[in-house]
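Encoded as structure tokens, the structure appears first; notes follow it.
What's counted below: heavy atoms across the whole structure, side chains too, no hydrogens, waters or symmetry copies. Just so it is clear, the structure is predicted and the values come from calculations on it, not from any experiment.
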Amino acid sequence: MGYSRIAGTGSYLPSRIVTNAEIAKRVDTTHEWIVSRTGIESRHVAAEGELTSHLSEHAARRAMEAAGVTPADIDLIIVATTSPDMQLPSTAAILQAKLGVRPGAAAFDIQAVCTGFMYALTTADAMITKGLFKCALVIGAETLTRFLDWDDRNTCILFGDGAGAAILVPSDEPGILSTHLHADGNYSHILRLTGNIAGGKINANPFVEFDGQAVYKFAIRVLEDVAREALEKNGLRIDQLDWLVPHQANLRIISAAAERLGMPMERVVTTVQKHGNTSAASAILALDEAVRDGRIKAGQLVLLQGVGGGMTWGAVLVRWG
């Protein structure tokens with residue numbers, strides 16, 4: 001059995017930027033209050049009519065360019081999203097047509113909320129190493145702000161929209177070293193969106209519900225646990241890890257988990273300050289930024305992490321290059 005590696009990444013953020021000051025005009029909060037509790041200073045919000053597939057297409061084309069592949073090369077598309085264009089068909093199928101990827105290529109969505117990209121990358125890795133596919137487009141994309149109550153201070157300050165993409169190809173040398181996925185449905189109530197369509201009507205609450213303190217405690221614990229699990233699996237110490245690229249939910253969560261691991265913050269990639277929590281897009285957005293600005297270099301060890309509603313959590317350890 002061979003391996004897979006990430007051959008290129010890309011990302012896209014909507015042009016509209018919503019600052020904390022703008023939110024403070026609507027709800028009882030301040031820029032300082034939001035920053036002190038989340039680290040978030042601004043977030044991108046999709047324009048009316050700008051769908052998850054649109055964001056995905058931009059990110060995908062940038063990843064394809066970085067990897068040197070064309071639509072004709074791609075035979076698998078996986079989109080991780082909690083905010084698809086529509087109930088059906090999948091956003092991946094819609095994206096397939098937009099990109100001009102050949103008919104017959106496989107395309108489907110994965111929903112694991114903020115851990116979605118880890119689940120999608122793991123799935124693509126398994127399919128490529130099994131020899132089922134030769135070139136996978138893996139995307140994390142969200143327009144989650146459409147499910148926010150902009151009058152609810154607890155949630156409207158947290159989230160943003162965006163998309164990140166990676167091209168995964170076979171490799172003779174290990175690129176993806178190991179993947180680790182978990183879930184615990186006993187915590188499904190602490191982060192959820194209960195609204196659904198039935199009988200032509202929206203049932204339950206159509207907005208994101210969030211128990212901030214419970215999510216905070218859970219996230220710190222499992223991010224530390226899954227990082228140690230990945231390191232132990234590969235016989236590595238934390239000081240041998242070059243970069244930690246965690247889910248960008250909250251700077252306090254990222255900092256606390258890094259401290260418990262003994263990982264200095266100068267080796268932790270953070271974009272939450274300007275992106276907010278982009279759910280399934282967050283880790284791949286952060287990865288793409290660090291690759292493009294030259295921080296992440298060939299041969300380095302990179303640990304991607306996610307934690308989200310479900311609750312779900314996971315990690316992917318990568319040898320870059």
Can you confirm whether Lys233 is buried at NZ, in the sense that more than 12 heavy atoms of other residues, nucleotides or ligands lie under 6.0 Å from that atom? no

Filter on ring-ring contact (aromatic ring centres under 6.0 Å, His included), then keep only pairs touching residues 98-143, sequence neighbours left out; what's left? none

Looking at Asp239, I want to see if its CG is surrounded by more than 12 non-hydrogen atoms of other residues, nucleotides or ligands under 6.0 Å. yes

Quick one: list whatever passes side-chain hydrogen bond (donor to acceptor under 3.5 Å, both in side chains) with Asp152, sequence neighbours left out. Thr155

Using side-chain hydrogen bond (donor to acceptor under 3.5 Å, both in side chains) as the criterion, list what pairs up with Glu259, not counting sequence neighbours. none

If only atom types and distance count, is the side chain of Ser282 paired as donor or acceptor with the main-chain N or O of His247 below 3.5 Å? no

Find out if a path of hydrophobic residues (ILVMFWY) with successive side-chain heavy-atom gaps under 4.5 Å connects Val69 to Leu132. no

Looking only at atom types and distance, does a side-chain atom of Asp109 sit under 3.5 Å from a main-chain N or O of Thr91, one as donor and one as acceptor? yes

If you look at every heavy atom in Ser90 and Ala107, which pair is closest and at what distance? OG-O, 4.1 Å

Has Ser255 got a side-chain atom pairing as donor or acceptor with Arg252's backbone, closer than 3.5 angstrom? no

Please step through side-chain hydrogen bond (donor to acceptor under 3.5 Å, both in side chains) for the pair Thr70 and Asp73, ending with a clear verdict. CA-CA 5 Å; Thr70 69; Asp73 297 316; 3.2 Å; yes

Look at the side chain of Asn277 and the backbone N and O of Leu158, then say whether any donor-acceptor pair between them is shorter than 3.5 Å. no

Exam field: side chain Arg153 to backbone Asp28, donor-acceptor pair closer than 3.5 Å: yes

Which residue pairs pass the ring-ring contact (aromatic ring centres under 6.0 Å, His included) test with at least one member in residues 137-158, sequence neighbours excluded? none

Applying the side-chain contact (heavy atoms from CB on, under 4.5 Å) test to Leu137, which of Val79, Leu95, Leu76 qualifies? Leu95

Before giving the answer on side-chain contact (heavy atoms from CB on, under 4.5 Å), spell out for Gln305 and Met118 the whole-Å C-alpha distance, their side-chain angles and the decisive distance to 0.1 Å. CA-CA 7 Å; Gln305 289 183 300; Met118 306 307 136; 5.7 Å; no

Gln96 versus Ala105, closest heavy-atom pair with distance: NE2-O, 3.3 Å

Please assess Cys114 against Ser279 for the test side-chain contact (heavy atoms from CB on, under 4.5 Å), listing each intermediate value before the final yes or no. CA-CA 4 Å; Cys114 304; Ser279 188; 3.5 Å; yes

N/O donor-acceptor pair under 3.5 Å between Gln248 side chain and Pro246 backbone: yes

Return yes if a side-chain donor-acceptor contact under 3.5 Å exists between Glu142 and Thr278, otherwise no. no

Quick one: closest heavy-atom pair of Ala257 and Leu223, and the distance? CB-CB, 4.0 Å

Atom of Thr129, atom of Gly2 and distance for their closest heavy-atom approach: CG2-O, 3.5 Å

For Tyr187, look at atom OH and say whether over 12 heavy atoms of other residues, nucleotides or ligands are found less than 6.0 Å away. no

Okay, side chain of Thr115, backbone of Thr312: is any donor-acceptor separation there less than 3.5 Å? yes

Keeping to residues at least two apart or across chains, list the ring-ring contact (aromatic ring centres under 6.0 Å, His included) pairs with something in residues 156-182. His182-Trp313

Looking at Thr122, Leu168, Leu317, Ile128, which one forms a side-chain contact (heavy atoms from CB on, under 4.5 Å) with Ile176? Leu168

Do the non-hydrogen side-chain atoms of Lys274 and Leu13 ever get within less than 4.5 Å of each other? no

May I have the step-by-step check of side-chain contact (heavy atoms from CB on, under 4.5 Å) for Ile6 and Trp320, ending in yes or no? CA-CA 8 Å; Ile6 297 174; Trp320 194 255; 3.7 Å; yes

Give the intermediate values and the outcome of side-chain contact (heavy atoms from CB on, under 4.5 Å) for residues Arg43 and Ile23. CA-CA 11 Å; Arg43 70 285 295 148; Ile23 291 178; 3.5 Å; yes

If we check side-chain contact (heavy atoms from CB on, under 4.5 Å) with Ser53, which of these qualifies: Ile94, Leu99, Thr81, Ile139? Ile94

I'd like to know whether CD of Gln240 has more than 12 heavy-atom contacts from other residues, nucleotides or ligands below 6.0 angstrom. yes

Atom CD of residue position Glu65 - does it have more than 12 heavy atoms of other residues, nucleotides or ligands inside 6.0 Å? no

Sub-3.5 Å donor-acceptor pair from the side chain of Arg192 to the main-chain atoms of Gly309, do we have one? no

Hydrophobic clustering (ILVMFWY, side-chain heavy atoms < 4.5 Å, transitive) - are Val318 and Val226 grouped together? no

In plain terms, say whether Arg267 and Asp242 are close enough for a salt bridge, that is, a side-chain N and a carboxylate O under 4.0 Å apart. no

For the backbone of Arg319 and the side chain of Gln300, can you confirm whether one donor and one acceptor N or O come within less than 3.5 Å of each other? no

Not counting sequence neighbours, which residues clear ring-ring contact (aromatic ring centres under 6.0 Å, His included) with His58? List them please. Tyr12

So which atom in Gly164 and which in Ala281 form the shortest heavy-atom distance, rounded to 0.1 Å? N-CB, 4.3 Å

Looking only at side chains, do Thr52 and Thr143 share a donor and an acceptor under 3.5 Å apart? yes

Heavy-atom closest pair, residues Cys156 and Asp149: CB-O, 3.7 Å

Can you get from Leu304 to Leu241 by hopping between Ile, Leu, Val, Met, Phe, Trp and Tyr side chains that sit under 4.5 Å apart? no

Asp161 side-chain N/O to Thr145 backbone N/O, donor-acceptor pair under 3.5 Å: yes

